[in-house]
Amino acid sequence: VLEDLKDPYILKLSKLRLTVWHEMHRMLGFVRFREIQGKVLLAVIRPDNAVLPLLAPHFADRLPREDWIIYDEGRQDALIHPAGRSCTIRRQAELDPGQVRESGGDRVYAALWKIFCQSISVTERENLRVQRQNLPYKYRRYMTEFW
């Protein structure tokens, strides 16, 4: 049934699925964690679609022994992963920026990351149109290298 793309409803559903999948795939590369108080890793994102449930298996598999949170700023949802346990999604969670304190070492790594990105850049080969296409501005404010 789902392969019958002649049906306008199924075609619309297929396009929506593809849009969500593309955004989830981008988020896998654009999510940047920072260490906050108590050695908890925090990433703040603002996707157009509700992709937190799709991100959970990827990050739970790669960071199984870490306490981490991915916070969807637009929907105020938080994907919470306690070390060694499964992920849960908390709806209507509020993140107070005043209570989030970065660890001192995290600022050092952020600075090193920015220096690394600048050092590998070849100014003669910069192509801002392609950069903007591959890395839209809406994702940049949450990425360490653009702070």
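Excluded from the calculations below are hydrogen atoms, water molecules and symmetry mates; all remaining heavy atoms, backbone and side chain alike, are included.
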Would you say [X] and [Y] make side-chain contact, with heavy atoms under 4.5 Å?
X	Y	answer
H81	L63	no
M24	L28	yes
F33	I69	no
E35	K39	yes

May I ask you to decide if [Y]'s main-chain N or O and [X]'s side chain share a donor-acceptor pair within less than 3.5 Å?
X	Y	answer
S14	I10	no
R132	Y137	no
N49	V51	no
E23	D48	yes
S119	F116	yes

Going by the side-chain contact (heavy atoms from CB on, under 4.5 Å) test, name the single residue among L52, L55, I70, L79 that passes it with C87. L79
Around atom NZ of K138, are there more than 12 heavy atoms from other residues, nucleotides or ligands closer than 6.0 Å? yes
Would you find more than 12 non-hydrogen atoms of other residues, nucleotides or ligands less than 6.0 Å from E94 atom CD? no
Which pair of non-hydrogen atoms, one from [X] and one from [Y], has the smallest distance, and what is that distance?
X	Y	answer
A56	W68	O-CH2, 4.4 Å
A43	V31	CB-CG1, 3.5 Å
Y71	A93	OH-O, 2.9 Å
D67	A83	OD1-N, 2.6 Å

When rounded to the nearest 0.5 Å, the distance separating CD1 of I80 from CG of L42 is 10.5 Å
Roughly how far, to the nearest 0.5 Å, is the CG atom of L16 from the CG atom of L11? 9.5 Å
Could you tell me which residues satisfy ring pair (Phe, Tyr, Trp, His ring centres under 6.0 Å) with H25, sequence neighbours excluded, listed by chain and number?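 Partners of H25 under the ring pair (Phe, Tyr, Trp, His ring centres under 6.0 Å) test: W21.
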Which pairs count as salt bridge (Lys or Arg N to Asp or Glu O under 4.0 Å) when at least one residue sits in residues 74-90, sequence neighbours excluded? D72-R75, D77-R91
Audit row: N127, Q131, side chain to side chain contact (heavy atoms under 4.5 Å, CB included) steps and yes/no: CA-CA 6 Å; N127 187 340; Q131 284 179 10; 5.8 Å; no
Hey, which of R32, E73, R46 is the one that makes side-chain hydrogen bond (donor to acceptor under 3.5 Å, both in side chains) with Y142? E73
